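All values derive from a computational prediction rather than experimental measurement. Remember, it's 1-based here, ligands and their atoms both numbered in the order they're listed.
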Amino acid sequence: MEGSECIFCRILKGELTAYFVYRGNGIAVFLDKYPVTKGHILVVPEEHYESVHNTPPCTAARVWIAASAYARFYREKLGALGVNLITNSGRAAGQEVFHFHVHVIPRWDYRRLSGLLSGRHMLTEEEAREVAEMLKGSEHLVDEYLESLGSEC
Ligand code: DGP
């Protein structure tokens, strides 16, 4: 499911709106429409691959390294108590959008993930603005992490 039918391809093409917090080096990062916690973002490759199982290793590495940069930013700059980096591969694993992505879910308290999942809400414009503000400056860290992969990837 590529191009016109893939929601994330449509977001990347500008046909659907999303709140982007990073775009470059073949990677895009935007806010999840149904955040599990404040700051829940999705790291995706610009190119369409169904999920991690058929994404070329270098592309997968770029997505994961960008997600790692956000984990660091949330933990060290924003004081998150924890961060979940999750990818779902296949419907049986809970995948709903079939364009490879890694969820970055900062944890601000000790509530269980299962409880947080059942309390998801639709992202509001105000929340999106707050998250964009929180993440100001994170682009440099993402660039730095991606550059560290070198010319091979
Ligand atoms: P997964 O289950 O891993 O395929 O997660 C897909 C995520 O995508 C889920 O957390 C909700 C999010 N999502 C679904 N539709 C949209 C959309 O139109 N815009 C944005 N920003 N996120 C979406």
Side-chain angles (χ1 to χ4, degrees), residues 1-75 78 80-139 141-142 145-146:
M1 191 200 285
E2 196 163 350
S4 60
E5 287 164 71
C6 169
I7 295 175
F8 288 176
C9 285
R10 293 191 66 197
I11 287 174
L12 295 169
K13 281 196 254 168
E15 292 173 6
L16 296 174
T17 53
Y19 296 93
F20 283 88
V21 290
Y22 181 87
R23 204 150 185 192
N25 299 298
I27 298 293
V29 185
F30 50 84
L31 274 58
D32 194 290
K33 194 172 178 179
Y34 305 100
V36 171
T37 63
K38 187 170 180 179
H40 181 175
I41 52 176
L42 302 169
V43 183
V44 313
E46 294 272 355
E47 278 182 30
H48 179 94
Y49 298 102
E50 183 185 316
S51 76
V52 69
H53 78 284
N54 70 349
T55 299
C58 275
T59 304
R62 295 180 79 73
V63 170
W64 280 107
I65 205 92
S68 305
Y70 283 103
R72 181 168 180 186
F73 197 84
Y74 274 125
R75 295 291 311 273
L78 298 175
L81 299 176
V83 182
N84 293 104
L85 300 187
I86 299 170
T87 196
N88 299 320
S89 179
R91 204 176 294 282
Q95 188 174 7
E96 289 176 355
V97 177
F98 293 88
H99 180 126
F100 171 47
H101 55 280
V102 171
H103 296 257
V104 179
I105 306 174
R107 304 292 293 274
W108 307 109
D109 55 42
Y110 285 91
R111 278 181 290 165
R112 295 170 76 93
L113 196 56
S114 53
L116 292 168
L117 282 167
S118 61
R120 292 173 87 157
H121 59 281
M122 200 197 257
L123 183 72
T124 64
E125 207 176 314
E126 190 189 357
E127 182 178 352
R129 263 201 304 271
E130 284 173 19
V131 174
E133 189 62 33
M134 272 162 53
L135 288 174
K136 269 195 183 146
S138 60
E139 320 83 51
L141 192 62
V142 177
Y145 268 51
L146 286 168

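Shown here is E47, whose CD atom has no more than 12 heavy atoms of other residues, nucleotides or ligands within 6.0 Å. Around the CZ atom of R111, the shell of radius 6.0 Å holds no more than 12 heavy atoms that belong to other residues, nucleotides or ligands.
With ligand atoms numbered from 1 in the order given, ligand 1 contributes 1 (P), 2 (O), 3 (O) to contacts under 4.0 Å with heavy atoms of N88. Heavy-atom contacts of I11 reach the following atoms of ligand 1: 19 (N) (cutoff under 4.0 Å). Of all atoms in ligand 1, numbered sequentially from 1 with element shown, those under 4.0 Å from a heavy atom of Q95 are 2 (O), 4 (O).
When non-hydrogen atoms are compared, ligand 1 lies under 4.0 Å from the side chain of F30 (C-beta onward) but not from its backbone.
Taking the side chain as every heavy atom from C-beta outward, F8 and L16 never approach each other to under 4.5 Å. Counting heavy atoms from C-beta on, the side chains of M134 and Y74 come closer than 4.5 Å.
The nearest heavy-atom contact from the protein to atom 2 (O) of ligand 1 is G94 O, 2.9 Å. Of the protein's non-hydrogen atoms, the one nearest atom 15 (N) of ligand 1 is I7 CD1, 4.3 Å. In this structure, atom 6 (C) of ligand 1 lies nearest to the protein heavy atom H101 NE2, 3.5 Å. Of all protein heavy atoms, the one closest to atom 17 (C) of ligand 1 is K33 CD, 3.6 Å. Taking atom 4 (O) of ligand 1 as the reference point, the nearest protein heavy-atom neighbour is E96 N, 2.7 Å.
Under the side chain to side chain contact (heavy atoms under 4.5 Å, CB included) criterion, E125 pairs with Y19, R129, not counting sequence neighbours.
At least one heavy atom of F8 sits under 4.0 Å from some atom of ligand 1. Residue contact annotation: L31 has a non-hydrogen atom under 4.0 Å from ligand 1.
A salt bridge does not link R91 to E96: none of the charged nitrogens lies less than 4.0 Å from a carboxylate oxygen. Residues K38 and E130 are paired through a salt bridge, judged by an N-O separation under 4.0 Å between the basic side chain and the carboxylate.
Ring pair F30/F20 is perpendicular by interplanar angle, where above 60° counts as perpendicular and below 30° as parallel.
Between V97, T87, D32, it is D32 that holds the heavy atom closest to atom 9 (C) of ligand 1.
For R120, a nitrogen or oxygen atom sits less than 3.5 Å from a nitrogen or oxygen atom of ligand 1, counting backbone and side chain alike.
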Per-pair distances, 0.1 Å, donor-acceptor, side chain in residues 52-63, under 3.5 Å, sequence neighbours excluded:
from: H53; atom 1: ND1; to: S51; atom 2: OG; distance (Å): 2.6
from: N54; atom 1: OD1; to: E50; atom 2: N; distance (Å): 3.3
from: N54; atom 1: OD1; to: S51; atom 2: N; distance (Å): 3.3
from: T55; atom 1: OG1; to: S51; atom 2: O; distance (Å): 2.8
from: R62; atom 1: NE; to: N25; atom 2: O; distance (Å): 3.1
from: R62; atom 1: NH1; to: C153; atom 2: O; distance (Å): 2.2
from: R62; atom 1: NH2; to: N25; atom 2: O; distance (Å): 3.2

